[in-house]
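Below is one structure, written out as structure tokens, with a few remarks after it.
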Protein chains: 2
Amino acid sequence: MSDQTLPEKIANQLRRDILRGRLAPGDSLKERDKAADLGVSRTPMREAIRIVAREGLITLRPARSPIVAMPDVKAVTDDVEVLLSVEKLSGKLACERATDADIEGIAVITQHMDNNFTTMDPLDMFEIDMSFHSAIAKASHNEPLAEIHSRFLARLWRARFLAAIKRRNRTKVIAHHTAILAALRARDAVAIDAAIGTHLDQLSKDIADVIRREHQDLQDKADQQAD
Amino acid sequence: MSDQTLPEKIANQLRRDILRGRLAPGDSLKERDKAADLGVSRTPMREAIRIVAREGLITLRPARSPIVAMPDVKAVTDDVEVLLSVEKLSGKLACERATDADIEGIAVITQHMDNNFTTMDPLDMFEIDMSFHSAIAKASHNEPLAEIHSRFLARLWRARFLAAIKRRNRTKVIAHHTAILAALRARDAVAIDAAIGTHLDQLSKDIADVIRREHQDLQDKADQQAD
DNA sequence: GTTGAAAATTTGGTATACCGAATCTTGTTG
DNA sequence: CAACAAGATTCGGTATACCAAATTTTCAAC
């Protein structure tokens with residue numbers, strides 16, 4: 001058995017179900033039912049729900065079932081605002097403190113993405129994209145910073161994913177990543193700040209777009225709610 | 001009874017005990033004993049421990065008792081690094097989005113601190129200081145940002161407190177706060193960035209100092225560990 | 001037919017009991 | 001006397017049972 005604790009495994013499962021869309025925003029998560037589904041008891045399920053809730057993917061309501069979070073445009077914009085700041089700080093610190101091995105690892109990821117972007121499955125592509133950003137956060141050698149970064153990345157995962165599969169902007173993403181990598185190689189803090197700014201500006205636009213559209217859909221659905 | 005949930009109340013209690021020093025770094029928190037102490041069962045105590053652990057005040061160890069966190073100098077420095085960035089972003093956003101009421105509230109806090117700093121109890125003084133910083137984070141009108149801010153503030157609470165009571169730098173703190181308030185009033189993002197930078201630079205030095213000293217003590221104590 | 005109140009059901013909150021792993025004790029052996 | 005092994009104990013992990021609040025449903029009265 002893995003060294004991962006049971007609640008964490010359940011949390012991963014929940015996260016994946018939410019991010020992949022098996023659990024839609026607004027769905028309720030009754031701890032009894034969910035626990036029965038996975039064949040575990042309520043205690044670890046409860047803890048798992050708290051874990052994911054703290055990440056922002058689940059909303060806890062007093063005396064009600066937790067539900068899958070339904071971020072509105074403002075919430076997502078706020079998250080991007082923080083993510084931008086966190087990534088810029090990561091980039092700056094990485095320029096100072098990244099080891100050569102760190103940079104090499106990031107280069108490999110970038111290369112891999114560049115080589116396969118025409119053929120790759122959107123989901124795989126996307127996970128590589130995520131790992132690129134995480135690698136930079138790790139290269140800051142500031143653990144709490146990396147932790148916050150991964151938390152906000154997770155919050156935006158779903159929106160980013162929806163944005164990524166719709167748009168045909170893969171080449172743009174790769175260009176941005178290449179620019180970030182170049183700045184890191186040169187250990188040029190100013191350049192990496194600008195490159196990250198450009199990249200996340202684009203992201204911000206794409207995401208706001210997707211969320212706006214989705215909220216429209218949800219609104220429509222709510223208007224005819226019968227079930 | 002308050003609308004605060006039981007685990008949260010327990011978490012507050014734990015936090016206060018840790019921050020006030022009733023629970024020293026390294027002390028173990030056996031959930032059975034702790035639960036019995038407060039006359040509650042293990043379930044809410046367990047959840048409370050997780051809450052505080054996630055804030056960074058408690059360290060969870062696999063298959064062992066959780067212990068009160070013992071941050072080293074690097075950990076604290078990392079935290080300050082993040083806090084600085086978060087506060088700067090808060091300040092910038094507050095310059096754009098704070099309402100007049102927000103600013104007035106911050107002014108009142110500053111004023112209060114200025115009026116009473118010669119007579120006030122260190123702990124009260126300190127809580128006012130905290131509320132000043134929290135008020136600025138809130139004035140950013142970015143909720144996830146404010147949440148992160150409060151988390152890092154909590155992590156550093158103890159170190160800041162130890163630093164604050166030792167030093168006779170209250171006048172300096174007030175000068176800094178006044179400068180931050182002035183920049184906010186002028187909605188001058190550049191000025192507030194600088195003012196916050198100055199303030200937290202000072203903090204960083206003070207905190208590193210205290211932690212270094214404390215680690216020395218703990219080291220000494222560990223060398224003769226008998227109990 | 002609609003409205004309101006009461007009862008039943010659903011659901012999260014809390015307590016407790018059980019289990020297995022890790023640790024500490026103790027006794028035996030070299 | 002030291003070292004190691006086996007048993008006892010401690011403690012976190014998990015399951016389950018009970019409780020109270022909130023919602024929903026149903027039945028009665030207007």
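Here is how names work: the chains are called A, B, and so on, in the same order as the sequence lines, proteins then strands, and each is numbered from 1.
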Given 3.5 Å as the limit, does a donor-acceptor pair link the side chain of [X] with the main chain of [Y], or not?
{"X": "A/Ser134", "Y": "A/Ser131", "result": "no"}
{"X": "A/Asp206", "Y": "A/Leu203", "result": "no"}
{"X": "A/Arg155", "Y": "A/Glu55", "result": "yes"}
{"X": "A/Arg42", "Y": "A/Arg46", "result": "no"}
{"X": "A/Ser140", "Y": "A/Asn142", "result": "yes"}

Q.
Just checking B/Lys138: does its NZ atom have more than 12 heavy atoms from other residues, nucleotides or ligands closer to it than 6.0 angstrom?
A. no

Q. Can you list, by residue number, the residues of residues 30-44 of chain A that have a non-hydrogen atom closer than 4.0 angstrom to DNA chain C?
A. A/Lys30, A/Glu31, A/Arg32, A/Arg42

Q.
Under 3.5 Å, is there a donor on one side chain and an acceptor on the other for A/Ser204 and A/Asp201?
A. no

**Q.** Side-chain H-bond candidate by donor/acceptor type, A/Gln13 with A/Asp17, under 3.5 Å
**A.** yes

Q.
What I'd like to find out is whether the side chain of A/Trp157 reaches to under 4.5 Å of the side chain of A/Ile18, using heavy atoms alone.
A. no

Q) Mind checking whether A/His177 and A/Phe132 have parallel, tilted or perpendicular rings, split at 30° and 60°? A) parallel

Q. Can you pull the contact range of chain B along DNA chain C, 5' to 3', using atoms under 4.0 angstrom from its heavy atoms?
A. C/dT14 to C/dT23

Do any N or O atoms of the protein come closer than 3.5 Å to N or O atoms of nucleotides 22-25 of chain D, and which pairs are they?
none

Q | Below 4.0 Å: OP1/OP2 of D/dG12 and any side-chain N or O of B/Arg46 | A | no

**Q.** Sugar-phosphate only, base, or nothing, as touched by B/Leu29 at under 4.0 Å among non-hydrogen atoms
**A.** sugar-phosphate

